[in-house]
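Data first, discussion second: the structure below is written as structure tokens.
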Amino acid sequence: MDWLVSIAEFLVDEILSQPAYLIGLITAAGLIALKKSAGQIVGGAIKATLGFLLIGAGATLVVGALAPLGEMIQGATGAHGVIPTNEAIVGIAQEKYGARVAWLMILGFAVSLLLARFTPLRYVFLTGHHMLFMATLLTMVLAGSGQASWVVVVVGGVLLGILLVALPAFAHPWTKRVTGNDSVAIGHFGTAGYIAAGATGRLVGRRSRSTEEMNLPEGLRFLRDSMVATALSMVLIHLVMSLVFLGKVGKEAAFKAFGENGAAGASGVGDYVMQSVMQGLQFGIAVAVILFGVRTILGELVPAFQGIARKLVPGAVPSLDAPIVFPYAQNAVLVGFVSSFIGGLVSLGLLAWILHPAFEIALVLPGLVPHFFTGGAAGVYGNATGGRRGAALGAFVNGVLITLLPALLLKVLGAFGEENTTFGDADFGWFGTLIGYAAKAGGAGGVVLTLLIGVAVLLGAVVVQKRVVETGWDPGAHRDALLPPVGTPAPAAAGGDTAGTPVTYGKIAPPRGAPKPPPPPSPGR
């Protein structure tokens, strides 16, 4: 049996948990199904893999640019508490539950493919690292309730498979509003935050113009390039926080913010200030790399999925990571990041002032990385239904969710709740908490309750798919009716490589260079 465990761990750790490899394999399978030549298959698979590696490279740059800023904010505000970091809590749990996580993830992915094939939920979840994160969470809460290993794997695998097809369905009306077509879905466990952002935008932004339609004075035309605007905004944020941090903790401690392993990172005040500037510029580069990677992966994966749809899952829609929506409203990404972070700070104040003293709920510090990725995506969703107000307030709501939900999740993680980190994105919080409390019933009762929650989520997703997605409901249609007709020239566009190109009101246009949507599905879908 040890060799079977080794094989399962290899598949999970080295292939399925590596999104780039998974995307490359899926792309190759799709191109094979389309009967492309060997050169086209190899080239398409490599290009799709490189696209995801570009996204990862950009994400690494984002983390590097935000790490010193996070330390400055914590030092300047004096806040201490739990910092949600998916990778950290997964790494801690792997030492105890590695084999069970491996089998659970493999079973969950298989269940999701069966559900995609035989239910209306034609979504194939391709964000491999998030599959690993959710598999780890389910293992932790089920094993922590005392369930046998085989029960943890089977029940957790079924729950994971349900989530992989259900959550993209819940978000798909909002995702179609963002992308303008049915070619991709969101495959990321921040879905609750994106739906909340879209719903908030629908409520507050009926006449608010898009973040991409900023009418800037002539002297500020350079800000229409989103890479420049993002870099400049982050330079200003870094400078302000670095100076506040310097004034509060002094030179010796402040200079170490840019060092590694506690070493002095700045040689003087001038060097300290300029390193802050450089971190902001690096952030702008990181966002540009992510956007290029997204365009690259879309160009290869969407056509390849037509082949998979014909062979394995007719009408399949690929469910991809959060940055897949970034090119559709690049200014909204920055607005969403800042607004989500502000929502996290406000929620931290609520925890410290009321919830922690009254209910002993842990203080959850706003982590800049989850606020950037989920907050940026939430800004895009909010902008799609509510323009600038929707982007700002929708992402603020996301920030509240990814602060309060992780605090609740800590209550069901048992001994892992004592760690200084936890899962950060919204779906880990709400689903993990529900499953954790259901599993606490223990024995057969706990199994039944957890499966009932899974069935409820699945049935809810089927209803949304049949009655909302397939009927073509547009959550932003009311906004389109209030704005000038589609085709009316709007103020000069803000962001992207289309500076100087007029845009139109109504639905957000696909990013420049994005692939054309696939042909309409067959009537039998």
Side-chain angles (χ1 to χ4, degrees), residues 7-8 10-34 45 48 52 101-136 138-139 153-172 175 182-189 191 301-321 324 427 431 451 454-455 457-462 464-466 469 518 521-522 524-525:
I7 291 175
F10 171 78
L11 290 174
V12 170
D13 295 337
E14 306 301 333
I15 298 178
L16 294 180
S17 64
Q18 302 296 324
Y21 296 153
L22 183 60
I23 290 296
L25 292 172
I26 293 294
T27 301
L31 294 175
I32 290 172
L34 289 173
F52 251 84
V101 170
W103 285 112
L104 192 156
M105 181 176 172
I106 292 173
L107 177 60
F109 190 59
V111 170
S112 74
L113 292 179
L114 289 174
L115 291 173
R117 177 65 179 86
F118 296 108
T119 73
L121 307 176
R122 309 288 191 180
Y123 304 97
V124 179
F125 198 100
L126 295 177
T127 310
H129 60 296
H130 262 238
M131 280 192 270
L132 176 62
F133 296 163
M134 185 59 79
T136 304
L138 291 171
T139 301
V153 171
V154 173
V155 174
V158 171
L159 294 174
L160 176 62
I162 289 172
L163 287 183
L164 296 183
V165 297
L167 293 185
F170 284 123
H172 207 51
T175 304
D182 197 34
S183 60
V184 294
I186 193 75
H188 189 269
F189 290 127
T191 302
L301 185 63
V302 172
F305 241 74
Q306 298 176 36
I308 294 177
R310 295 172 188 171
K311 298 293 183 180
L312 183 62
V313 183
V317 179
S319 302
L320 303 174
D321 203 352
I324 208 73
D427 297 331
F431 193 72
L451 289 176
V455 170
V457 171
L458 180 63
L459 292 178
V462 170
V464 169
Q465 179 69 25
K466 298 297 291 183
V469 177
S522 62
R525 176 178 174 182

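The two residues Gln465 and Pro120 come nearest to each other via the heavy atoms CG-O, 3.5 Å. Smallest separation of non-hydrogen atoms from Thr139 and Ala135: OG1-O, 2.8 Å. Shown here for Arg122 and Arg117, the closest heavy-atom pair between the two residues is NH1-O, 2.6 Å. When all heavy atoms of Thr175 and Ile186 are compared, the pair lying nearest together is OG1-CG2, 3.8 Å. The two residues Phe189 and Leu164 make their nearest non-hydrogen contact at CZ-CD2, 3.8 Å. For the pair Thr191 and Ala171, the tightest heavy-atom approach, listed with the atom from each and the gap, is CG2-CB, 3.6 Å.
In this structure the side chain of Pro318 never reaches within 4.5 angstrom of the side chain of Val124, judged on heavy atoms. Between Leu163 and Leu159 the shortest side-chain heavy-atom distance does not fall below 4.5 Å. Counting heavy atoms from C-beta outward, Leu167 and Phe431 have side chains that stay 4.5 Å or more apart. Under the 4.5 Å side-chain criterion, counting only non-hydrogen atoms from C-beta, Met134 is not in contact with Phe125.
With sequence neighbours left out, Ala461 forms a side chain to side chain contact (heavy atoms under 4.5 Å, CB included) with Leu121, Ala166, Ala169, Phe170. Checked against side chain to side chain contact (heavy atoms under 4.5 Å, CB included), Val111 has the following partners two or more places apart in sequence or in another chain: Leu107, Leu115.
Panel note: side chain Ser319, backbone Ala185; no donor-acceptor pair is recorded below 3.5 Å.
Side-chain N/O atoms of Asp182 and His172 include a donor and acceptor closer than 3.5 Å.
Remark: Leu132 CG to Leu160 CG distance equals 10.0 Å, nearest 0.5 Å.
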